[in-house]
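Computed over heavy atoms, backbone and side chain alike; hydrogens, waters and symmetry mates excluded. Chain letters run A, B, ... following the sequence lines, proteins first and then strands; every chain starts at 1.
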Protein chains: 2
Amino acid sequence: MGALFSPLTLESDDLHRLSEVVQKLAPLHKNQPVFHSGDTFTSIYAIRSGAIKSFCVSDDGTEQVTGFYLPGEIFGWDGIADNRHKNTALALGTTSICEIPFTKFEELSVTMPALQKHFMQLMAREISSDQRLITLLGKNSAKERIASLLLSLSDRLGRRRLSPTRFRLPMSRADIGNYLGLTVETVSRVFSRFQAIGLIKCDNKEIEILNLAGLSSLVQAHTEA
Amino acid sequence: MGALFSPLTLESDDLHRLSEVVQKLAPLHKNQPVFHSGDTFTSIYAIRSGAIKSFCVSDDGTEQVTGFYLPGEIFGWDGIADNRHKNTALALGTTSICEIPFTKFEELSVTMPALQKHFMQLMAREISSDQRLITLLGKNSAKERIASLLLSLSDRLGRRRLSPTRFRLPMSRADIGNYLGLTVETVSRVFSRFQAIGLIKCDNKEIEILNLAGLSSLVQAHTEA
DNA sequence: CGTATGTTTGACCGTCGTCAATTGTAGTGG
DNA sequence: CCACTACAATTGACGACGGTCAAACATACG
């Protein structure tokens, strides 16, 4: 099964060939921005360690968290549309990232048609990821949404050879609630409930998944085929 | 202000140059598919008249409406990722469309770098459109969601020189509910309520917007700057 | 014309948002 | 190092929005 929310990863040979144009940046510390909404779009970024959240601000000032990014994942390629970032990207803790200048990327695309197609595929993947989130928000309860997020984080950390069952949440309850369309209180309550049922063990941001199968069964639980 | 949900449109010169490779297809009638989920991806499509809905089916059989497309709008370019459509596209009524073979499109891209970039912009626009829907589903009430949809339809029809205040909804209440994460009953109730307040006049699918400003004020109404 | 499908409306109730208070955590300066 | 403060998280009480179940009504298609 495909993981929900899974952003792009640096896996293909094509993208490995980008390594020559990649620049390591100085480590960011908590709440430090990679770019702001409105900034000129110049680069995309890959996370080496730490975590990033991206969010956009509506006309009325409402913030919407649009994604969480973990080590190995790529972010920052919103704003291709008009060369301006629509999201703001913030470090959720001490975070080190690589910068991939987009002009270099475009130059390579000319000589490497496969790269161009590959990039379109990456964007298409983001679209289907968004559409899974839309389904989640439209049809799933608070429990199911949070279970999905925990499973996604677990899966994505596992791919990076990190523990899929014990990890530290990089984001606040408020961020989770914002992302999943829930209030802080509801997020907190669901965490408490999950712990009471023995699905997880949870000390503030320190998470241990005790019953992975149980969590999975919670997702898509109300509509069986 | 930008319209919610607004899909791609055939406006640019670049895309006009595609006209030579465009093929008109025989008119579709109601519930006839353009393509099914799983079909090989070969073309994208532009609507001449009528309307299309696209939806994808989850592992558990749940359907999720992912978009409604009106005359002048482009659809069907999901599935670029793996050359297979993830959505099914159905005619909502008698509908006539054009087919734009994607191979032709890729050939043109080589000689027209601008076209390539333009296409990426189109995809990026779809992403921000999805993210607006995510915000809507996460943070807005039933009234606000439906008001947003009505305003979007109004705006999109207006761009095509059709009446922005009197039109026929091409989709069912169930489709609307599915798209907006609501039940049929709630959709129906909100329509009734809007009519009672004098925001719209509504006879089944026949809609007349009586108070456009009133509808607009309903959107983003609960969080003022 | 009749049947299937779509739409409306009502009654009921569960989930989750709101308001409020308390506790826990982290960062700062004395 | 500890006190102080600001912020994050938890928990409770309460109510509203919207989902569920059910029935009546309208529409459309054969």
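Two residues, B:K30 and B:S192, neighbour DNA chain C, and the one matched to the more 5' nucleotide by heavy-atom proximity is B:K30. Nearer to the 5' terminus of DNA chain D, by closest-nucleotide assignment, is the contact made by A:A174 (compared with the other of A:A174 and B:A142).
Contact of A:R189 with C:dT18 (side chain to base): a donor-acceptor pair of N or O atoms is detected under 3.5 Å.
With D:dT27, C:dC16, C:dT8 as the choices, the nucleotide that has an atom nearest any side-chain atom of A:S141 turns out to be C:dC16. Closest to the side chain of B:R168, from the set C:dT7, D:dA28, D:dT10, is D:dA28. In this structure, the nucleotide among C:dT8, C:dG17, C:dT9 sitting nearest to the side chain of A:T186 is C:dG17. Listed candidates were C:dT8, C:dT18, D:dA9. Nearest to the side chain of A:E185 is C:dT18.
Backbone-only engagement by A:G181 is indicated by non-hydrogen atom pairs under 4.0 Å involving sugar-phosphate atoms exclusively. Here A:K205 lies in heavy-atom contact (under 4.0 Å) with sugar-phosphate atoms only. Within the nucleic acid shown, B:S188 comes within 4.0 Å of at least one base atom, counting heavy atoms only. Within the nucleic acid shown, A:S172 comes within 4.0 Å of sugar-phosphate atoms alone, with no base atom in reach, counting heavy atoms only.
Across the protein-nucleic acid pair, B:K139 atom NZ and D:dC17 atom C1' stand 18 Å apart, rounded to whole Å. Rounded to whole Å, the distance from NZ on B:K143 to C1' on D:dG18 is 12 Å. Separating the CG atom of A:N204 from the C1' atom of D:dA8 is a distance of 8 Å, rounded to the nearest angstrom. Rounded to a whole Å, the CG atom of A:L180 is 12 Å from the P atom of C:dC16. Nucleotide D:dA9 holds its P atom 17 Å from the CZ atom of A:F194, rounded to whole Å. To the nearest angstrom, C1' of C:dG24 lies 16 Å from CZ of A:F191. In this structure, CD1 of A:I176 is placed 11 Å from C1' of D:dA9, rounded to the nearest angstrom. The nearest whole Å value for the distance from the CE atom in A:M171 to the C1' atom in D:dA9 is 16 Å.
Ring geometry for B:F75 against B:Y45 counts as parallel: the plane angle stays under 30°, on a 0 to 90° scale with 60° as the upper cut. Ring-plane geometry between B:F41 and B:H85 is classed as perpendicular, the angle between the planes exceeding 60 degrees on a 0 to 90 degree scale with a lower cut at 30.
Of the inter-residue distances, the one linking B:I209 atom CD1 with B:F167 atom CZ reads 4.5 Å to the nearest 0.5 angstrom.
Phosphate proximity of C:dG17 to A:T183: present, with a side-chain N or O under 4.0 Å from OP1 or OP2.
A salt bridge links B:K53 with B:D175: the distance from a Lys NZ or Arg NE/NH1/NH2 to an Asp or Glu carboxylate oxygen falls below 4.0 Å.
Under the 3.5 Å distance criterion, with hydrogens and angles disregarded, a donor-acceptor pair is assigned to the side chains of B:K139 and A:Q64.
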